[in-house]
Structures are given as C-alpha cells and as structure tokens.
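Counting begins at 1 with the first residue of the sequence. Because the structure is predicted, anything quoted here is derived from the model rather than measured.
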Amino acid sequence: MTGDGKAWRRFVSVYAPVIHKAVHYTLQWNGGDAAGLDAQDVTQEVFCRLVDNGFHLLSTYDPARAGLSTWLSVVARSTALDCLRARRTERMGRQVPYTPELEEELAERLWAEAPASVPASIADDRGMLDLPPGLLSRRQGTVLRLLFQDDLDTDEVARTLDIHPKTVRSLKQNALARLRHHFCL
C-alpha cells in the first residue's frame with residue numbers, strides 16, 4: 001500500500017493461489033463455465049479491486065476479524081459472484097425487454113409447441129413440455145396449465161385451487177421466470 005513494488009510482487013506471489021482457488025470454486029459451483037467466465041480473468045479482477053481507489057478495499061482488512069487468506073477468499077468469492085451477476089445481466093440486456101404480453105406469449109408458445117416427454121403433473125392432450133425434473137413445482141405447473149392450457153383467468157384458477165388470486169399471480173410469475181431462465185429467454 002506504500003508503493004513498494006517488491007512487497008507487492010511478494011504479496012501477489014503468496015496470495016494469488018489463494019484468490020485463484022476461491023474464484024475457481026465459486027465459478028465452478030455457480031455456473032461460471034456456462035456464463036463463459038475464466039477464473040484467471042476474475043482473479044485479475046480481484047487484484048484490480050484490491051488496488052482500485054488507492055488500495056481502498058485492501059485498507060479495509062482488519063486482522064482482528066479474520067486472517068488475510070480468509071479475508072481475501074471472501075473478497076474473491078464476492079468478486080466472482082459480482083462477475084457472474086454482471087454477465088447474466090449483460091446477457092439479459094441483449095434480450096427483448098420484459099413485458100407482461102411477452103411473458104403471456106412465451107407461456108402460450110411453450111404449451112402449444114410442447115414436445116412429448118415430461119412429468120404427468122404438467123402433461124396435456126396436445127403434448128408435453130420437456131422440462132428437467134424439479135424445474136417447476138407441482139403448484140407452478142398446475143397454475144400454468146390452468147392459465148394457459150385450460151384458458152382460465154386468475155380468479156378462476158384461485159377458486160379451482162382454493163388459493164388467493166395473488167398467490168396465483170405469484171406462482172405464475174415465479175414459474176415463468178424459471179422457464180425464461182431455463183430457456184435463456
């Protein structure tokens with residue numbers, strides 16, 4: 001932090017493996033490969049954050065609260081998660097902006113074009129939607145089927161399932177969000 005280049009190089013050589021390992025595991029467990037993130041690049045981002053604004057982040061380290069390796073691992077994990085969020089937001093930004101009409105159209109299309117082979121809980125006469133097990137809860141699948149396949153409105157679904165209309169809307173939005181995420185829409 002005082003500008004001693006030799007000390008900085010020693011710091012980097014000692015702690016780069018710790019940071020890289022934390023970044024690597026965070027990306028591995030949170031889909032970093034699918035997002036196209038490289039552990040080396042994110043490790044470099046961690047070091048950039050440490051030195052940014054005159055070593056501001058590095059100056060917040062408190063040895064009374066944790067060891068330096070532990071603290072750097074937390075910083076590395078946070079940076080990796082930030083990079084993942086940024087990549088997902090970037091991918092979503094290139095997509096068509098959300099509108100309720102778009103969501104309705106997506107759900108209609110998914111039910112209409114459904115290929116054959118999924119759990120009976122969301123099957124219909126015209127075909128079935130091929131989803132991985134557990135993507136939608138049974139209630140979410142039922143709500144989508146009633147709304148889009150059986151063409152019921154929110155109040156009718158609420159009465160059919162004996163739940164509040166707000167619960168129906170919440171289940172629908174959560175289910176459609178999962179479908180959008182799964183199909184990268």
Side-chain angles (χ1 to χ4, degrees), residues 21-46 49 73-185:
K21 184 176 182 180
V23 165
H24 174 75
Y25 284 119
T26 302
L27 293 178
Q28 182 179 9
W29 286 102
N30 292 283
D33 293 337
L37 289 173
D38 179 52
Q40 291 288 6
D41 293 339
V42 178
T43 300
Q44 184 64 35
E45 177 65 22
V46 173
R49 286 186 181 193
S73 293
V74 170
V75 170
R77 182 178 187 281
S78 295
T79 303
L81 291 172
D82 287 348
C83 289
L84 283 165
R85 282 186 210 103
R87 182 60 58 96
R88 288 181 185 128
T89 302
E90 175 186 309
R91 276 195 338 219
M92 289 177 71
R94 290 189 300 244
Q95 298 161 11
V96 178
Y98 164 81
T99 63
E101 294 79 23
L102 176 68
E103 199 154 340
E104 297 280 339
E105 181 185 327
L106 169 65
E108 293 276 353
R109 195 168 22 137
L110 288 171
W111 285 111
E113 300 171 1
S117 82
V118 148
S121 64
I122 54 176
D124 73 313
D125 308 317
R126 297 173 291 175
M128 296 179 271
L129 187 59
D130 188 18
L131 298 175
L135 179 65
L136 296 180
S137 71
R138 178 178 225 137
R139 286 181 78 187
Q140 288 172 332
T142 301
V143 165
L144 288 184
R145 183 180 51 76
L146 292 171
L147 287 169
F148 297 107
Q149 178 185 331
D150 297 346
D151 204 26
L152 300 179
D153 67 25
T154 303
D155 292 327
E156 292 170 323
V157 172
R159 281 192 301 278
T160 301
L161 299 177
D162 194 28
I163 57 178
H164 196 279
K166 285 184 179 180
T167 304
V168 172
R169 287 189 289 273
S170 175
L171 287 165
K172 172 192 160 194
Q173 288 189 346
N174 289 337
L176 292 175
R178 285 183 178 190
L179 289 171
R180 274 195 318 274
H181 179 73
H182 176 74
F183 289 108
C184 297
L185 298 173

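- Here the side chain of D150 pairs no donor or acceptor atom with the backbone of L152 at under 3.5 angstrom.
- Here the side chains of T142 and R145 are in contact, with some heavy-atom distance below 4.5 Å.
- The two residues T26 and A80 make their nearest non-hydrogen contact at CG2-CB, 3.7 Å.
- The CZ atom of R77 lies 12.5 Å from the CH2 atom of W29; values are rounded to the nearest 0.5 Å.
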Could you list the donor-acceptor pairs under 3.5 angstrom formed between side-chain atoms of residues 159-167 and any protein atom two or more places apart in sequence or on another chain?
residue: T160; atom: OG1; partner: E156; partner atom: O; Å: 2.7
residue: H164; atom: ND1; partner: K166; partner atom: N; Å: 3.0

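- Atom CG of L171 and atom CZ of R139 lie 5.0 Å apart (nearest 0.5 Å).
- The line from CD of Q40 to NE2 of H24 is 11.0 Å long, rounded to the nearest 0.5 Å.
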- Go through the steps for V168 and D155 under the test side-chain contact (heavy atoms from CB on, under 4.5 Å), then give the verdict. CA-CA 8 Å; V168 172; D155 292 327; over 6 Å; no
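- Nearest heavy atom pair, residue L135 against residue R178, reads O-NH1, 2.8 Å.
- The shortest heavy-atom contact between L136 and Q140 is CA-OE1, 3.4 Å.
- A 4.5 Å side-chain heavy-atom check between L144 and L176 finds at least one atom pair inside the cut-off.
- Proximity of K172 to L147: side-chain heavy atoms (C-beta onward) are separated by under 4.5 Å at one or more points.
- Annotation: the span from Q173 atom CD to R180 atom CZ amounts to 8.5 Å, rounded to 0.5 Å.
- Note: L27 CG to L81 CG = 8.5 Å, rounded to the nearest 0.5 Å.
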